[in-house]
Protein chains: 4
Amino acid sequence: MAGVNKVILVGNLGKDPEVRHLDNGRAVANFSLATSETYKNKQGERVTNTEWHNIVLWTPLAEIAEKFLKKGNQVYIEGKLTTRSWDDQDGNKRYTTEVVGREMTLLGGRPDGSSSGTGNGGDNMAESPVSNIPEDDTDDLPF
Amino acid sequence: MAGVNKVILVGNLGKDPEVRHLDNGRAVANFSLATSETYKNKQGERVTNTEWHNIVLWTPLAEIAEKFLKKGNQVYIEGKLTTRSWDDQDGNKRYTTEVVGREMTLLGGRPDGSSSGTGNGGDNMAESPVSNIPEDDTDDLPF
Amino acid sequence: MAGVNKVILVGNLGKDPEVRHLDNGRAVANFSLATSETYKNKQGERVTNTEWHNIVLWTPLAEIAEKFLKKGNQVYIEGKLTTRSWDDQDGNKRYTTEVVGREMTLLGGRPDGSSSGTGNGGDNMAESPVSNIPEDDTDDLPF
Amino acid sequence: MAGVNKVILVGNLGKDPEVRHLDNGRAVANFSLATSETYKNKQGERVTNTEWHNIVLWTPLAEIAEKFLKKGNQVYIEGKLTTRSWDDQDGNKRYTTEVVGREMTLLGGRPDGSSSGTGNGGDNMAESPVSNIPEDDTDDLPF
DNA sequence: TTTT
DNA sequence: TTTT
């Protein structure tokens, strides 16, 4: 029964997150994330191999994604692999594998090129680690 | 372009690995791995949620899997996520996500209940970490 | 300011955990964990390199360690690196680096070779993943 | 004997790497890396907790660090924990724990603010993942 | 399809 | 101090 199911990604968003706000007050964000590796092949040519991942974030990460993540941003995401099935129009069972994030950190510079020290305020935490994992004596919400 | 694409799993094999030996001398092993988590739901009932992962191992991990891994065995696998596409009989594009392992450790007791000290020899390393990552001054092959 | 500080270990306890119950109701467990890697050196000799880690677990993982972990057990531990300083008898500043666990899974067979189905009861969950990270709609305590 | 000893860090360099080139042709780089987490304490005040890690990189990562890493840069580092002992001037045994990197990715923007598209060339790969782990059919050196 |  |  013991199990570990962990995914660690550092990549760039292929597009802005799509965020849906559910009736129960929760939100869910979806976006694709590209992780690229570069190497030289036998011919000595530089080759880039890009892998795309389907990311799913739930409250409170979904709201943070909505506010701070944009197409092109580089993020660290830790989560778990989940595969769900559905029936397509031909009646075939199909499977989609997604990474459900549980920790997220926006990497690199200012989220959208804004300078620091703006009155925005939210900017101040955009590079902080955010998660839905409580620390001792802490409030894990970034603001 | 920087990227990290890492998966860490501890789970149990759903069945024996299927190993194909290719014409080019390489081998590839496939098997499904279950990772389970148990929790209590709101009604206080214990619930087990199992996720199945498609594992792919190439030489030399494939041969090690062939020799030492059996249905039910618990293993640690580190690898990367890859999604490949193919066309089904209805002409639809379909996708399969797999974990391509790059490091593997057989966990727990003797692989199949055999006692230690058999003449088999190979048994002695079945719980050693195996990988295709060279260490300094080392031979990464387990035997 | 963004940061990730993650340690993932699979190893064996060098001795039984030492558990202290604090006045504030919390408990803390300490033990050393060995992670070994085996390789062949240039002379073709098998060499084992063992690294020892100082593990610290707080409530509720400390109580779980107290009940289920014993010298020799193999565990998966995920946590973070922390270094604390203290002054030795010569007035020198000294540093100790520890891994503060936040998720733990007992690996392999029965904790101490006991068969399943004992009246102990607690035994039943000893191989379940345990953590202090809440899941949705779940009770993360193992019992 | 099975073991996993893995550290994953995303942090910022506290100072430029110190690189020594050894007589045997190998190089070793040392620097400290800060990983910070921010949270709100019980008083609702934002608190930042910074942990410092001793990083050690060997050839070829050492040379890459020498060329591309500078104080303040944000990097992803994957490696293993090692503790080595030494005797201090008072004859006491002392221990230092370090993270020996095996994979590294420079995060965020241009390494030192240089614009892209320079003739430098090396710039082009500074954000690529670098490691001493061979891929199939690849040259793992970044240039 | 695994495991407890 | 563990494990195989």
Side-chain angles (χ1 to χ4, degrees), chain A residues 1-5 83, chain B residues 9-18 30-39 46-55 68-75 77 105-111 114-118 120-130 142-143, chain C residues 9-18 30-39 46-55 68-75 77 105-111 114-118 120-130 142-143, chain D residues 1-5 83:
Chain A
M1 195 129 47
V4 173
N5 175 356
T83 299
Chain B
L9 303 173
V10 172
N12 297 278
L13 278 78
K15 53 180 181 177
D16 290 354
E18 292 177 6
N30 289 272
F31 57 88
S32 52
L33 188 77
T35 57
S36 300
E37 52 180 341
T38 303
Y39 58 89
R46 184 162 300 279
V47 179
T48 294
N49 180 32
T50 298
E51 202 65 40
W52 287 96
H53 311 274
N54 299 125
I55 309 295
F68 295 107
L69 293 191
K70 285 194 169 49
K71 175 178 173 175
N73 281 168
Q74 185 183 39
V75 285
I77 288 180
T105 299
L106 181 50
L107 301 170
R110 305 271 92 223
S114 68
S115 62
S116 64
T118 70
N120 182 315
D123 242 5
N124 296 325
M125 58 61 53
E127 291 185 58
S128 296
V130 288
F143 22 61
Chain C
L9 303 173
V10 172
N12 298 277
L13 277 79
K15 53 179 179 177
D16 290 354
E18 292 176 7
N30 289 271
F31 57 88
S32 52
L33 189 77
T35 57
S36 300
E37 51 180 343
T38 304
Y39 57 89
R46 184 163 300 279
V47 180
T48 294
N49 181 32
T50 297
E51 202 65 39
W52 287 96
H53 311 273
N54 299 125
I55 309 295
F68 296 107
L69 293 190
K70 285 194 169 49
K71 175 178 174 174
N73 281 167
Q74 187 184 38
V75 285
I77 289 181
T105 299
L106 180 51
L107 301 171
R110 304 275 91 220
S114 68
S115 61
S116 63
T118 70
N120 184 316
D123 242 5
N124 296 326
M125 58 62 53
E127 291 184 58
S128 297
V130 287
F143 23 62
Chain D
M1 193 128 49
V4 174
N5 175 357
T83 299

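Owing to the predicted nature of the structure, the values given are computational and were not obtained by experimental measurement. All values below come from the heavy atoms of this structure, side chains included, with hydrogens, waters and symmetry mates left out. Labels below follow one simple rule: chain letters A, B, ... track the order of the sequence lines, proteins then strands, and each chain is numbered from 1.
- Pairing each heavy atom of B:Gly14 with each of B:Trp52, the nearest pair is CA-CZ3, 3.6 Å.
- Residue ring and nucleobase are stacked for B:Trp52 and E:dT1, with a centre distance beneath 5.5 angstrom and an angle between planes beneath 30°.
- Side-chain proximity of C:Lys71 to E:dT1, F:dT2, E:dT2: nearest is F:dT2.
- Regarding B:Asn73, its CG atom lies at a distance of 13 Å from the P atom of E:dT2, rounded to whole Å.
- What separates CZ of B:Phe31 from C1' of E:dT1 is a distance of 13 Å, to the nearest Å.
- The nucleotide whose nearest atom lies closest to any side-chain atom of B:Ala34 is, among E:dT2, F:dT3, F:dT1, E:dT2.
- Rounded to a whole Å, the NZ atom of C:Lys15 is 12 Å from the C1' atom of F:dT2.
- The backbone N or O of C:Gly108 lies less than 3.5 Å from a partner atom in the side chain of B:Gln74, making a donor-acceptor pair.
- If you take CG of C:Leu107 and P of E:dT3, they are 16 Å apart, rounded to a whole angstrom.
- Here E:dT3 presents its P atom at 7 Å from CG of B:Asn12, a figure rounded to the nearest Å.
- Rounded to whole Å, atom P of F:dT2 lies 11 Å from atom CG of C:Leu13.
- Taking atom CG of residue B:Asn49 and atom C1' of nucleotide E:dT3, one finds them 14 Å apart after rounding to whole Å.
- For B:Leu13 against B:Leu33, the heavy-atom pair with the smallest separation is N-CD1, 3.8 Å.
- Scanning all heavy atoms of the two residues, the minimum distance from C:Tyr39 to C:Asn49 falls at CE2-CB, 4.2 Å.
- Nucleotide E:dT3 holds its P atom 21 Å from the OH atom of B:Tyr39, rounded to whole Å.
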